[in-house]
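Accompanying notes for the structure given below.
Here is the naming used below: chain letters follow the sequence lines, and residue numbers restart at 1 for every chain. Since we're looking at a predicted model, the values are computed, not measured.
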There are 2 protein chains.
Amino acid sequence: MISVLLVEDKADYRNALKLILDNTPGFCCVADYCDAESCMNDNTYNNADVALIDIQLPGISGIQLVSFFKEKNPALLCLMCTAYEDGDNVFSALQAGAHGYILKSDAPSKILEAIVEVVNGGSPMSSQVARKVIEAFHRPAQVEYSLTNREEEILQHLSKGLLYKEIAFRLSISTETVRRHCFNIYDKLHVNNRTEALNKFFGKKPHR
Amino acid sequence: MISVLLVEDKADYRNALKLILDNTPGFCCVADYCDAESCMNDNTYNNADVALIDIQLPGISGIQLVSFFKEKNPALLCLMCTAYEDGDNVFSALQAGAHGYILKSDAPSKILEAIVEVVNGGSPMSSQVARKVIEAFHRPAQVEYSLTNREEEILQHLSKGLLYKEIAFRLSISTETVRRHCFNIYDKLHVNNRTEALNKFFGKKPHR
DNA sequence: GCCCTTCTACCACTAAAATGCTATTGTTTT
DNA sequence: AAAACAATAGCATTTTAGTGGTAGAAGGGC
């Protein structure tokens with residue numbers, strides 16, 4: 001028996017889903033809310049397997065609700081529900097911790113299928129959104145900056161936010177040498193400071 | 001016309017695919033190889049739109065080939081091909097830069113569909129593999145550090161490696177104010193420098 | 001009205017980082 | 001043996017970052 005939690009502002013759609021869930025063997029609707037706030041103030045989310053959440057909710061968005069669930073009950077599987085396939089929003093939701101999504105235009109049978117899929121360890125989503133996820137996920141091609149082993153080692157320590165003197169102590173070399181290595185690193189990477197070097201070497205887009 | 005490159009060691013399967021591609025309007029097979037090495041030594045990969053690559057190749061693996069393509073011709077779309085759905089390998093391939101994958105057991109029509117899908121910006125993959133990708137992609141739960149909007153904005157700029165004065169210029173405020181914001185940020189995050197703040201706020205493990 | 005937070009700003013001081021130059025030791029390549 | 005590179009290290013200088021104190025203007029909440 002899969003317990004589903006509904007958070008959807010449109011009463012018609014919410015009630016329809018509830019009816020379908022409660023009348024399909026193997027499914028049940030443990031609770032339903034018309035907004036995120038009332039759901040957060042309740043604690044039914046601890047008794048559900050899957051949460052079906054509308055992305056566009058009045059007030060606190062569905063994406064924020066996912067973040068909330070992720071903290072309060074990480075085991076809860078979040079399935080997003082959107083009217084139309086809004087790439088960016090769906091993407092943000094997945095990034096926040098959602099496990100898949102369905103379109104409101106999908107047939108009830110497809111929605112039930114998606115719920116089962118999520119429970120079975122899948123992540124139902126369209127191929128287009130999958131691409132966005134994949135791309136954010138790709139490791140940027142190693143552009144081979146030919147740093148020496150020692151330089152990479154230094155960079156590892158730099159990435160932790162350590163001071164030169166702390167790195168020097170850990171590696172049992174002088175602060176001057178650490179300094180020198182850094183300078184050489186920045187030179188090779190064509191950057192001017194620690195943060196740029198880390199972004200470049202570890203291939204990070206600065207930040208979302 | 002979609003130009004496809006084949007890298008597949010099983011001659012039967014490779015020839016069959018080639019035949020299908022060359023005899024389907026809108027598709028053509030620009031080259032085919034039985035291993036990664038010979039493909040890397042040629043330069044046909046510059047003339048293809050999509051590369052269909054077997055994951056299990058003798059010698060250099062399909063995953064390594066993807067990394068190679070990513071560096072040499074980042075525009076080439078890599079579609080992996082596997083005999084059975086080996087989660088870890090497929091996952092690694094996607095991480096290395098592949099855009100989707102198909103199963104050898106899929107019908108020819110489905111394979112052609114997947115190729116079109118990739119060209120159209122999609123990422124064909126199973127729901128199970130999508131889940132693995134999604135999970136690797138999830139941001140760790142934000143521990144809510146209650147930074148103000150302005151402080152988060154400053155942090156965004158810090159993450160690019162900008163100097164205080166550069167941030168000040170972009171936000172049209174004084175350097176002193178940027179300085180002050182940073183101090184407040186470090187205070188709230190209980191850290192002592194930029195790198196630590198970035199690691200903590202953006203929830204990153206220092207580095208692999 | 002008053003309190004509290006946020007954003008703004010200046011000053012002063014210390015610590016650290018970034019940029020130069022030079023130089024020794026060892027290892028590897030040619 | 002010479003040349004090239006890697007790692008080490010010292011010194012000097014300038015710039016930037018980090019830590020304090022203080023304080024005014026704008027906005028929300030009580």
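Put simply, CG on B:L163 is 18 Å from P on D:dT14, counting in whole angstrom units. Going from atom CD1 of B:I185 over to atom C1' of D:dA17 covers 13 Å, rounded to whole Å. To the nearest angstrom, C1' of C:dA18 lies 17 Å from NE2 of A:H190. The distance between atom CD of B:E152 and atom P of C:dC7, rounded to the nearest whole Å, is 10 Å. The interatomic distance linking A:I167 (CD1) with C:dA16 (P) rounds to 13 Å, in whole Å. Between the CG atom of B:N184 and the P atom of D:dA23 there is a distance of 17 Å, rounded to whole Å. As rounded to whole Å, 12 Å separates atom C1' of D:dA7 from atom CG of A:N149. Atoms CG (A:L198) and P (C:dA17) sit 13 Å apart, rounded to a whole Å.
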Determine which bases of DNA chain C form Watson-Crick or G-U wobble pairs with both distances under 3.5 Å, and write the result as a 5' to 3' dot-bracket string with | for other-strand partners.
||||||||||||||||||||||||||||||
In a table with atom names and distances, give each donor-acceptor pair under 3.5 Å that connects a side chain of residues 114-125 of chain A to protein atoms at least two apart or in another chain.
| unit_1 | atom_1 | unit_2 | atom_2 | d |
| --- | --- | --- | --- | --- |
| A:E117 | OE2 | B:S127 | OG | 2.4 |
| A:N120 | ND2 | A:V116 | O | 3.4 |
| A:S123 | OG | A:H99 | O | 2.7 |
| A:S123 | OG | B:R131 | NE | 3.1 |

Name every donor-acceptor pair, under 3.5 Å, that has one atom in a side chain of residues 33-43 of chain A and the other anywhere in the protein, sequence neighbours excluded.
| unit_1 | atom_1 | unit_2 | atom_2 | d |
| --- | --- | --- | --- | --- |
| A:Y33 | OH | A:D42 | OD2 | 2.8 |
| A:Y33 | OH | A:T44 | OG1 | 2.5 |
| A:D35 | OD1 | A:E37 | N | 3.4 |
| A:D35 | OD1 | A:S38 | N | 2.9 |
| A:D35 | OD1 | A:S38 | OG | 2.6 |
| A:S38 | OG | A:D35 | O | 3.2 |
| A:N41 | ND2 | A:E37 | O | 3.3 |

Please set out all donor-acceptor pairs under 3.5 angstrom arising from side-chain atoms of residues 50-57 of chain A, sequence neighbours excluded.
| unit_1 | atom_1 | unit_2 | atom_2 | d |
| --- | --- | --- | --- | --- |
| A:D54 | OD1 | A:Q56 | N | 3.3 |
| A:D54 | OD2 | A:K104 | NZ | 3.1 |

Listing, residues 177-184 of chain B side-chain donor-acceptor contacts under 3.5 Å, not counting sequence neighbours, or none:
| unit_1 | atom_1 | unit_2 | atom_2 | d |
| --- | --- | --- | --- | --- |
| B:T177 | OG1 | B:S174 | OG | 3.2 |
| B:N184 | ND2 | B:R180 | O | 3.4 |

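In this structure B:L171 satisfies the side chain to side chain contact (heavy atoms under 4.5 Å, CB included) test together with B:R150, B:E153, B:I154, B:H157, B:I167, B:I173, sequence neighbours excluded. A:A11 is linked by a side chain to side chain contact (heavy atoms under 4.5 Å, CB included) to A:R14, A:N15, counting only residues two or more places apart in sequence or in another chain. With sequence neighbours left out, B:D49 forms a side chain to side chain contact (heavy atoms under 4.5 Å, CB included) with B:I2, B:S3. With sequence neighbours excluded, no residue forms a salt bridge (charged side-chain N to carboxylate O under 4.0 Å, His left out) with B:E196.
With C:dT8, D:dA7, C:dA17 as the candidates, the nucleotide lying closest to the side chain of B:R150 is C:dT8.
Summarising the local packing, CG of B:N149 is surrounded by 12 or fewer heavy atoms from other residues, nucleotides or ligands at distances under 6.0 Å.
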Please write out each protein N/O paired with an N/O of nucleotides 25-30 of chain C under 3.5 Å, distance rounded to 0.1 Å.
none

What do the steps show when you test A:E151 against A:K188 for salt bridge (charged side-chain N to carboxylate O under 4.0 Å, His left out), and what is the final call?
CA-CA 10 Å; A:E151 284 165 350; A:K188 286 186 181 175; 2.8 Å; yes
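For residues 56-69 of chain A, no pair satisfies salt bridge (charged side-chain N to carboxylate O under 4.0 Å, His left out), with sequence neighbours left out.
Within the 4.0 Å cut-off from OP1 or OP2 of D:dT19, not a single side-chain nitrogen or oxygen of B:Y186 is found. Of the side-chain N and O atoms in A:N192, one or more sit less than 4.0 angstrom from OP1 or OP2 of C:dT19.
Nearest-nucleotide assignment on DNA chain C puts the 5′-proximal partner with B:T148, out of A:Y164 and B:T148.
Of the residues in residues 170-183 of chain A, those with a non-hydrogen atom less than 4.0 angstrom from any atom of DNA chain C are A:R179, A:R180, A:F183.
Using a 30° and 60° split on the angle between ring planes, A:Y45 and A:F69 fall in the tilted class, from 30° to 60°.
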